[in-house]
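Every heavy atom of this structure was used, including side-chain atoms; hydrogens, water molecules and symmetry mates were not. This chain uses plain numbering: 1 for the first residue, then up along the sequence. Given the structure is predicted, the values throughout are model-derived calculations rather than measurements.
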Amino acid sequence: MVDGILLDSSKLKAKVKGGRAGAKIAGMKYIGYEVAVTEHSVHVYGNQCNADIREEEYRYLVIPFDSIRGFELKDLTDRGRTLEIHALDDDVVLHSENQSRLSENLKRIFLLISTLLA
């Protein structure tokens, strides 16, 4: 069973944990998430889900940069800063839940993805 993002630190450009924040990964809602950026992809892990998940592929999603159609950083009144990644097959929405440090980290992830895609 997968228990977080298990990439070697030498491959990571950035890693952020949203322990109490909400996320929507490939249509499933989670409480708690991890997001990591490598040179060629974004890795997202959803921690706790209300649904009974037997397939691990729904908890851990790898989004190669060449499949990203768009991504945006929004400030939502009720959820705080939100990072949305729209890929060919799946979408990811990561909320900061008005946590200032997590909000800044999502902004850093957004800027890093922008730089790596440029």
Side-chain angles (χ1 to χ4, degrees):
M1 181 171 175
V2 176
D3 192 27
I5 294 179
L6 304 173
L7 291 172
D8 184 63
S9 62
S10 65
K11 297 181 186 209
L12 293 177
K13 296 285 187 184
K15 182 176 177 181
V16 172
K17 289 184 180 184
R20 298 181 316 265
K24 188 173 181 183
I25 304 167
M28 303 291 288
K29 292 182 180 179
Y30 294 89
I31 301 297
Y33 62 82
E34 291 181 31
V35 59
V37 179
T38 67
E39 194 166 330
H40 303 290
S41 60
V42 177
H43 296 245
V44 183
Y45 168 77
N47 192 15
Q48 298 175 356
C49 183
N50 290 337
D52 181 23
I53 300 175
R54 291 188 173 84
E55 299 286 334
E56 284 296 318
E57 65 190 61
Y58 295 108
R59 290 184 80 171
Y60 195 104
L61 184 64
V62 178
I63 305 170
F65 282 158
D66 60 356
S67 74
I68 293 178
R69 307 180 273 136
F71 59 105
E72 50 191 324
L73 191 65
K74 299 179 178 180
D75 285 321
L76 302 179
T77 306
D78 59 337
R79 305 296 297 263
R81 188 167 280 160
T82 299
L83 175 62
E84 295 183 7
I85 302 171
H86 307 286
L88 291 175
D89 296 325
D90 296 303
D91 291 334
V92 172
V93 179
L94 306 171
H95 301 287
S96 70
E97 306 297 356
N98 292 312
Q99 299 174 42
S100 59
R101 185 171 178 139
L102 182 55
S103 178
E104 284 301 312
N105 286 335
L106 287 179
K107 182 179 178 181
R108 288 185 182 112
I109 293 288
F110 174 81
L111 294 173
L112 178 59
I113 293 171
S114 298
T115 302
L116 292 171
L117 285 175

Residue pair Tyr30, Asn47: steps toward the side-chain contact (heavy atoms from CB on, under 4.5 Å) verdict: CA-CA 6 Å; Tyr30 294 89; Asn47 192 15; 5.8 Å; no
Walk me through it: do Lys74 and Glu84 pass the test salt bridge (charged side-chain N to carboxylate O under 4.0 Å, His left out)? CA-CA 8 Å; Lys74 299 179 178 180; Glu84 295 183 7; 3.2 Å; yes
Could you give me the CA-CA distance, side-chain angles and deciding distance for Ile85 and Ile68, then say whether side-chain contact (heavy atoms from CB on, under 4.5 Å) is met? CA-CA 7 Å; Ile85 302 171; Ile68 293 178; 4.2 Å; yes
Take Val44 and Leu94 through the test side-chain contact (heavy atoms from CB on, under 4.5 Å) and record every step on the way to the result. CA-CA 9 Å; Val44 183; Leu94 306 171; 4.2 Å; yes
Can you list the steps and then say if Leu76 with His95 is a side-chain contact (heavy atoms from CB on, under 4.5 Å)? CA-CA 9 Å; Leu76 302 179; His95 301 287; 4.2 Å; yes
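No donor-acceptor pair closer than 3.5 Å links the side chain of Tyr45 to the backbone N or O of Ala36. Using modelled atom types, no side-chain atom of Ser41 and backbone atom of Thr38 make a donor-acceptor pair closer than 3.5 Å. Looking at Arg69, its side chain does come within 3.5 Å of a backbone N or O of Ala87 through a donor-acceptor pair. Without hydrogens or angle criteria, Ser96 side chain to Ser103 main chain gives no donor-acceptor distance under 3.5 Å. Without hydrogens or angle criteria, Thr82 side chain to Gly80 main chain gives a donor-acceptor distance under 3.5 Å.
Distance check, rounded to the nearest 0.5 Å: CD of Glu97 to CD1 of Ile31 gives 7.0 Å. Interatomic distance, Leu111 CG to Leu106 CG, rounded to the nearest 0.5 Å: 11.0 Å. Going from atom NZ of Lys13 over to atom OG1 of Thr115 covers 10.5 Å, rounded to the nearest 0.5 Å. Atom CD1 of Ile5 and atom OH of Tyr60 lie 5.0 Å apart (nearest 0.5 Å).
A continuous path of hydrophobic side-chain contacts links Leu117 to Leu61 [ILVMFWY only; heavy atoms under 4.5 Å]. Tracing side-chain contacts under 4.5 Å through hydrophobic residues (I, L, V, M, F, W, Y), one reaches Leu73 starting from Phe71; they form part of the same cluster. Transitive grouping of hydrophobic side chains (ILVMFWY, heavy atoms separated by less than 4.5 Å) keeps Val93 and Met28 in distinct clusters.
Counting heavy atoms of neighbouring residues, nucleotides and ligands inside a 6.0 Å radius, atom CZ of Arg101 does not exceed 12 of them. Residue-environment remark: NZ (Lys15) exceeds the threshold of 12 foreign heavy atoms within 6.0 Å.
Residues Glu104 and Arg81 form a side-chain contact, since some pair of their non-hydrogen atoms from C-beta on lies under 4.5 Å apart. Counting heavy atoms from C-beta on, the side chains of Asp90 and Ile63 never come closer than 4.5 Å.
Shown here for Asn98 and Asp78, the closest heavy-atom pair between the two residues is ND2-O, 3.8 Å. For the residue pair Ala21 and Leu102, the shortest heavy atom distance occurs at CB-CD2, 3.5 Å. Between Gly22 and Tyr33, the shortest heavy-atom contact is O-CE2, 3.5 Å.
Residues Asp75 and Lys107 are not paired through a salt bridge, judged by the lack of any N-O separation under 4.0 Å between the basic side chain and the carboxylate.
A donor-acceptor contact closer than 3.5 angstrom links the side chains of Glu72 and His86.
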